[in-house]
Chemist: 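Sharing a structure, written as structure tokens. Questions coming.
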Amino acid sequence: MTAAKTGIPTTYDPKEVENKWYRNWEERGYFHQLPEPQQQPFSIVMPPPNVTGSLHLGHALDNTLQDILTRWRRMQGYNTLWLPGTDHAGIATQAKVEEQLAREGLSKHDLGREKFLERVWDWKHQYGNKITSQLRLLGASCDWQRERFTMDEGCSRAVKEVFVRLYRKGLIYRGNYIINWCPKCQTTISDIEVEHQDREGQLYHIRYPVKDNPGQFITVATTRPETMLGDTAVAVHPEDGRYQHLVGQTVILPLMDREIPVIADAYVDPAFGTGAVKITPAHDPNDFEIGSRHNLPHVTVVGKDAVMTREAGKYAGLDRYEARQRVLADLQAEGLLILTEEISHSVGHCYRCDSVIEPLVSKQWFVRMRPLAEPAMEAVKDGRIKFVPERFAKIYLGWLENIKDWCISRQLWWGHRIPVWYCQSCHQEICSEEAPENCDGCGSGELVQDPDVLDTWFSSALWPFSTMGWPEETKDLGHFYPTSVLVTGRDIIFFWVARMIFMGLEFMPGVPFREVFIHGLVLDAKGRKMSKSLGNGVDPIEVIDQYGADTLRFMLVTGNTPGNDLRFQFERLEGTRNFANKIWNASRFVLMNLEGYVPLSQEPEYSLADRWILSRYQKTVRDTTALLERYEIGEAARVLYDFIWSEFCDWYIELVKPRLYGKETEASKNTAQMVLGHVLAGTMQLLHPFMPFITEEIWHHLQGDGESISIAAWPKAEVQWDNPPLEKEMELVMDVIRAARNMRAETGVPPGKRVELVLVASNASIKEILITGMSYIQQLAGAEPIRLEVGELSEKPSQAAAAVVAGVEIYLPLVGLIDLDKEIKRLSKELAEVTKELERTVGKLQNQGFLAKAPQEVVEKEEAKKQEYMAKKAALEDRLAQLQAN
RNA sequence: GGGCGAUUAGCUCAGGGGGAGAGCACUUGCUUCACACGCAAGGGGUCGUAGGUUCAAAUCCUACAUCGCCCACCA
């Protein structure tokens, strides 16, 4: 790669540039802003990634979108805050440290709670900033001076405060309910942390003997026969004729020889299985409900280790699946297993470790959801919070509508300890921010804190205000709350978004954010989720290493529409890398030609191309801004891509060259330089939120040692340059050039060979346009000399290729060169196309309904098309006739 | 069982009531002094199917099909 003239290499090397600039930005504190009351705020809190984690493509997309919005608003002059931080991630982090201990042959119990927590903190200090340093590599312009952690002092204080307040309000309670237990993680998890997966399984039909009627049975159906050991009833539908006579009777629970009643409950679906259900209140959520309605006892036969308990009689000590086989064998032996049916049913798995969840009855802490859900639904219904795209509001509302209480206690050590103490003498329960000295009931000093910690999502639910100093009334809260927008993946609407909303509404004067911008998931090239088990994950850091952060960012946001998933394809990276290189080289060109540039004092000499690119540029400013306002980030990126590549590079730079090489006046050269510099600088500003590094680098080359582009003012649309009629004129010139190039290529004119061109304008005003664009046609179509006529050509060249564009006939005389047959074929094809177009247009214009009902301008446009096509058709036919006569 | 999304060129996807678009891939020609990570020219699609609304439907509506996702108390 040679460095022609400037010393700037012809291939863009992102590595060097990116390393340099992020450090500079952070050192100079561009991303840190204090609340300025007189300034309009724009604030985002970053969805805190897990401290254990490393950046994956989901983070990369999420944070790129946030960074684009943040950088854009910062440039627009908002008082901008993007607040970063990390999540302590209870289960994940604890598991990681436990793994580490296991390698040393230790368990957490060997260390004890306190020492174990020290280890976790050590771990956090050592590895916890991996992801934040990766976010820097991505270019995230967040305010690191305000970085927070869900378990830092401030956040912890907020957690305690919230817990105590909810407790005192009766919105947090403790009780024995059926919960989801993960036998591997050894903790409860909440309902949404259970992933239901369809599995092939067996439905076993088992006969239970009726006590007072030997020889009579009731047959139940179950997928989990081992839980029958804990059955406390058999239920049938109250109106099921088959079983009516048995309701109220007693049956003998096989294998256990326990007497259990037959009850009637409308929950039972008579059409499913046998219409009779064994009821195990201790091991099934539905059975638990039925059990409560009918006051059935709980018999716990599966323990927290997924091993059968003492209550399971001779099966005690067996693993749950082993027990299942033994139970089945024993039933078989007794002739009670009468049918095994293959069915597909859904099985709950732990979303962290994928173990099969065991529903258990256990004493846990819960948040009462109904009173919190109502206002949270209201805030979205009345528009105080807007979802983008809107359809996600429905998903959110649907979830809250059927919400159940939230189990928040976790049997872990790493997390926010539940601020509740139990008196060892009178069993009084004391909820308080700080450890109480004495029991407020009996005065005893023997108090023991609840061993459990809170669900990780409990603390992240407070993130929008806990990070800004709540419960203190801080300046940050006053100014930056509510935050402007929350940007996150659609997979955590329930986990996080909904919970932030109800917590915000409960503890703050209002909603935590005004808009929720939801994006899709990043999938692999085949459209599958990226996962460790599939091994199809792509490491964004490797991508950055190879292609640069700008390329990764731009690639992630283009070709994708809000809320939709995105397939990650390496080929697209190359295309984007090429775009970066294109920008780089266009900038090299501009910089080379701006060397020694001093603005002239005299009036600029604007050319058609100057006015055209300025008109296009200001349209690009308007479009980009409008699209960003609507969160159409991919479209905004596409608009910039097209403008830079197809208009600025392919046309404007090419058109401007002769002026720069001294072929016109000094004033013209000077004007060209000015326009080049102006449009490039403005375009770099527009592009900066998307590709912060390369734009910063180019900005500094353009501006000398000026300030960072990241705080340069967002370009304003220069409406004085808006000139659609002029754009049309330029389009005509461009069309002529394209047509001429096409003829050259199709007839095999050697590249570089200058050829004569004859242009016939259909009227004087078109002739004027062509005169203005003459030099462009010469230059870009390699045409010289050009003969320009208006109206009819007295004598049409016989040996010539011909083409017609709106209002212009173009002839390329090629004595001895032209292949007549080829030319006839080419023109015939053109003629067929234009004939088709004309027919459709004429059809429309003959349609009375169209003329009567279509808007005037549409009809006019159609009429103009018709004229154009007719002229073109006539010219083509003429030409064909002429050629065929020869 | 309910809901949502997708279905447009070989591939990946934009677009969206009034002349079918991009990138990649493909064909042809070019070491043209910003860029071969490039330039120029070109081929390629009855916009999933069937109805409906409309002067006009790829676009709106209704069914259906296929794929994907989410929710649900399928013992």
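In what follows, every chain begins at residue 1, and chains take the letters A, B, ... in the order their sequences are listed.
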Chemist: Do the side-chain N or O atoms of Thr561(A) get closer than 4.0 angstrom to the phosphate oxygens (OP1, OP2) of G15(B)?
Modeler: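 Checking G15(B) against Thr561(A), a side-chain N or O does come within under 4.0 Å of OP1 or OP2.
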Chemist: Within the 4.0 Å heavy-atom criterion, would you say Asp198(A) contacts the bases, only the backbone, or no part of the nucleic acid?
Modeler: base
Chemist: Give the intermediate values and the outcome of side chain to side chain donor-acceptor pair (under 3.5 Å) for residues Asp231(A) and Tyr208(A).
Modeler: CA-CA 11 Å; Asp231(A) 283 2; Tyr208(A) 286 13; 2.6 Å; yes
Chemist: Between Arg490(A) and C69(B), does any side-chain N or O lie under 4.0 Å from OP1 or OP2?
Modeler: no
Chemist: Is the closest side-chain donor-acceptor distance between Arg199(A) and His349(A) under 3.5 Å?
Modeler: yes
Chemist: Among C35(B), G43(B), G5(B), which nucleotide sits nearest the side chain of Arg391(A)?
Modeler: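 Nearest listed nucleotide: G5(B).
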Chemist: Flag the pair Glu868(A) and Lys865(A) as a salt bridge only when some basic side-chain nitrogen lies within less than 4.0 angstrom of an acidic carboxylate oxygen.
Modeler: no
Chemist: Give Asn564(A) one of three labels, base, sugar-phosphate or nothing, depending on what nucleic acid heavy atoms sit under 4.0 Å from its own.
Modeler: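 Sugar-phosphate only.
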Chemist: Could you tell me whether Lys836(A) contacts a base, only the sugar-phosphate backbone, or nothing, with contacts defined as non-hydrogen atoms closer than 4.0 Å?
Modeler: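 Touches nothing.
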Chemist: Nearest of A75(B), C4(B), G15(B) to any side-chain atom of Lys278(A)?
Modeler: A75(B)
Chemist: Any donor-acceptor pair, under 3.5 Å, between the side chain of Glu632(A) and the base of A14(B), if you only look at N and O atoms?
Modeler: no
Chemist: What is the distance, to the nearest angstrom, from the CD1 atom on Ile737(A) to the P atom on C39(B)?
Modeler: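 The distance from CD1 of Ile737(A) to P of C39(B) comes to 16 Å, rounded to the nearest Å.
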Chemist: Categorize Thr280(A) for me: base, sugar-phosphate, or nothing, with a 4.0 angstrom heavy-atom threshold over every strand shown.
Modeler: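 Answer is nothing: Thr280(A) stays at 4.0 Å or more from every strand.
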Chemist: Nearest heavy atom decides the nucleotide; on that basis, is Trp651(A) or Val268(A) closer to the 5' end of RNA chain B?
Modeler: Trp651(A)
Chemist: Considering every strand and a 4.0 Å limit on heavy-atom distances, what is the contact class for Lys861(A): base, sugar-phosphate, or nothing?
Modeler: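 No contact at all - Lys861(A) keeps every heavy atom at 4.0 Å or more from the nucleic acid.
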Chemist: Does Glu746(A) reach a base, just sugar-phosphate, or nothing at all? Heavy atoms under 4.0 Å.
Modeler: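 Sugar-phosphate, no base atom in range.
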Chemist: Between atom CD in Glu574(A) and atom P in C37(B), what is the gap in whole Å?
Modeler: 10 Å
Chemist: Between the side chains of Arg242(A) and Thr274(A), does any donor sit under 3.5 Å from an acceptor?
Modeler: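 On atom types as modelled, these side chains do not qualify, holding no pair under 3.5 Å.
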Chemist: Can you check whether Phe690(A) and Phe579(A) have ring centres sitting under 6.0 Å from each other?
Modeler: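 They do not qualify: ring centres at least 6.0 Å apart.
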Chemist: CG of Asp565(A) versus P of C13(B): gap in Å, rounded?
Modeler: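 Spelled out: CG on Asp565(A) to P on C13(B) is 10 Å.
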Chemist: Does Asp642(A) reach a base, just sugar-phosphate, or nothing at all? Heavy atoms under 4.0 Å.
Modeler: nothing
Chemist: Regarding Tyr12(A), tell me which of base, sugar-phosphate or nothing describes its non-hydrogen contacts under 4.0 Å with the strands shown.
Modeler: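 Here Tyr12(A) touches no strand at all.
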Chemist: Using heavy-atom distances to pick each residue's nearest nucleotide on RNA chain B, tell me which of Arg638(A) and Leu523(A) is more 5'.
Modeler: Arg638(A)
Chemist: Check every strand shown and say whether Pro751(A) touches a base, only sugar-phosphate, or nothing at a heavy-atom separation below 4.0 Å.
Modeler: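 If one applies the 4.0 Å heavy-atom cut-off, Pro751(A) turns out to touch the sugar-phosphate alone, with no base involved.
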Chemist: Is the ring pair Phe494(A)/Trp399(A) parallel, tilted or perpendicular, if the boundaries are 30 and 60 degrees?
Modeler: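 Rings of Phe494(A) and Trp399(A): parallel, under 30°.
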Chemist: Does Glu289(A) reach a base, just sugar-phosphate, or nothing at all? Heavy atoms under 4.0 Å.
Modeler: nothing
Chemist: Between G29(B), C73(B), C35(B), spot the one nearest the side chain of Arg588(A), thanks.
Modeler: C35(B)
Chemist: Give Ala276(A) one of three labels, base, sugar-phosphate or nothing, depending on what nucleic acid heavy atoms sit under 4.0 Å from its own.
Modeler: base
Chemist: Answer with base, sugar-phosphate or nothing: what part of the nucleic acid does Arg840(A) contact at a heavy-atom distance below 4.0 Å?
Modeler: sugar-phosphate
Chemist: Would you please classify the geometry between the Phe570(A) ring and the Phe568(A) ring as parallel, tilted or perpendicular, with 30° and 60° separating the classes?
Modeler: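 Phe568(A) and Phe570(A): perpendicular rings.
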Chemist: Considering every strand and a 4.0 Å limit on heavy-atom distances, what is the contact class for Lys529(A): base, sugar-phosphate, or nothing?
Modeler: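 Touches sugar-phosphate only.
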Chemist: Checking side chain to side chain contact (heavy atoms under 4.5 Å, CB included) between Val590(A) and each of Val656(A), Val679(A), Leu680(A), which is the one that passes?
Modeler: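 Single side chain to side chain contact (heavy atoms under 4.5 Å, CB included) partner of Val590(A) among Val656(A), Val679(A), Leu680(A): Leu680(A).
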Chemist: What parts of residues 850-859 of chain A reach RNA chain B, counting only heavy atoms under 4.0 Å away?
Modeler: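 Residues of residues 850-859 of chain A that come under 4.0 Å of RNA chain B are, in numerical order, Phe850(A), Lys853(A), Ala854(A), Pro855(A), Val858(A).
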Chemist: Heavy atoms only, 4.0 Å cut-off, all strands: where does Lys866(A) land among base, sugar-phosphate and nothing?
Modeler: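 Lys866(A): no heavy atom of the nucleic acid under 4.0 Å.
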Chemist: If a stem is a run of at least 3 consecutive Watson-Crick or G-U pairs, both distances under 3.5 Å, which stems include RNA chain B?
Modeler: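 If one scans RNA chain B for consecutive Watson-Crick or G-U pairs, the stems found are B:1-7 with B:65-71, B:10-13 with B:21-24, B:26-30 with B:38-42, B:48-52 with B:60-64.
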